[in-house]
Amino acid sequence: METNTAAAHAATGPAIVRTVAELRARVTGWRRTGDRIAMVPTMGALHDGHLSLVRIGFERAERVVVSIFVNPTQFAPHEDFQSYPRTEVRDMELLELLGTDLVFAPSAAEMYPPGFATRIETAGPALGLESDTRPHFFGGVATVVSKLLIAANPDLAIFGEKDYQQLAVVRRMARDLGLPVEIVAAPTVREPDGLAMSSRNAYLSPEERDIAPVLHDVLMQTAAALRGGVAPDQALDDGRRAILAAGFRALDYLDLRDAQTLEPVPDGSASGRPLRLLVAAWLGRTRLIDNCAV
Ligand code: AMP
């Protein structure tokens, strides 16, 4: 069934629509025939991590819609909005191979019409970590994701654990706003050396690319130390030192949080709840993030 769907679409490629009205018309048509619909929001420059989300979509739904939108409201003026990789033709080829039903690639004006004045305010899992250095970020993410989910009205939407705090913020937002969508978490897809796949890995020089997997190594070592009973302060300090010693220019955070609420856990493993280690660090001009379960 899945193979047939993929083959049928490979002949023509996914349709691409650029307006909410066209997106709604397509989705409404599918809904009439009883199809379940999955949505995968992305900023494009697709890699195997994104594609794994599409595959999960097809395991759970008859139709998969991928959105490609580099969302200006989640970038601060000094960040990489202008230089963020945009590879729409290649993205469409990759999505075609998977049998993606529809790509929604709106303009900024379609998502943010003149006079746009509404923004979602986030707290709870949005506090700290990314927000400490990117205070604008989750408001922008929550605003655009809510708009995408309202526009497409999917049964489920798939988000990667790669952006773990974002996943937690989106889950919280969907619940708080009563959006009728199931938020599905997808495991992080990694390069063979452990580096989490990311569109921003394209920024790395060959030398930086060699250093980058240290982030994952340190997460693994720190998680093992915590499981082995090393005090959280000690384990985190060792991890922070190892990241900087490996050649990272700066560390935004290496922290231990409650895996669900993302609240700090000063007592570490004594809480008895599932914990998550999260890291953000700079390699030259590239900011990398990663995380793992403890
Ligand atoms: P982005 O295009 O970076 O906004 O990512 C779009 C979606 O893909 C988000 O839900 C990300 O968490 C997810 N994603 C990005 N990289 C990976 C990865 N390496 N493994 C799994 N999911 C990922």
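Numbering of ligands and ligand atoms starts at 1, following listing order.
A distance-only check finds no donor-acceptor pair linking the side chain of D252 to the backbone of A280 [under 3.5 Å].
Aromatic ring pairs are classed by plane angle as parallel below 30°, tilted from 30° to 60° and perpendicular above 60°; the pair H78 and H136 is perpendicular.
For the pair R86 and F81, the distance from NZ or CZ to the six-membered ring centre is under 6.0 Å and the angle to the ring normal is within 45 degrees.
Taking a heavy-atom cut-off of under 4.0 Å, ligand 1 is surrounded by P41, T42, M43, H47, G49, H50, L53, Y84, F159, G160, K162, D163, Q166, P187, T188, V189, M197.
Under a 4.0 Å N-O distance rule, the pair D255/R276 does not qualify as a salt bridge. A salt bridge between E130 and R257 is absent, with no side-chain N of the basic residue lying under 4.0 Å from a carboxylate O of the acidic one. Under the 4.0 Å criterion applied to side-chain N and carboxylate O atoms, R63 and D155 are not assigned as salt-bridge partners.
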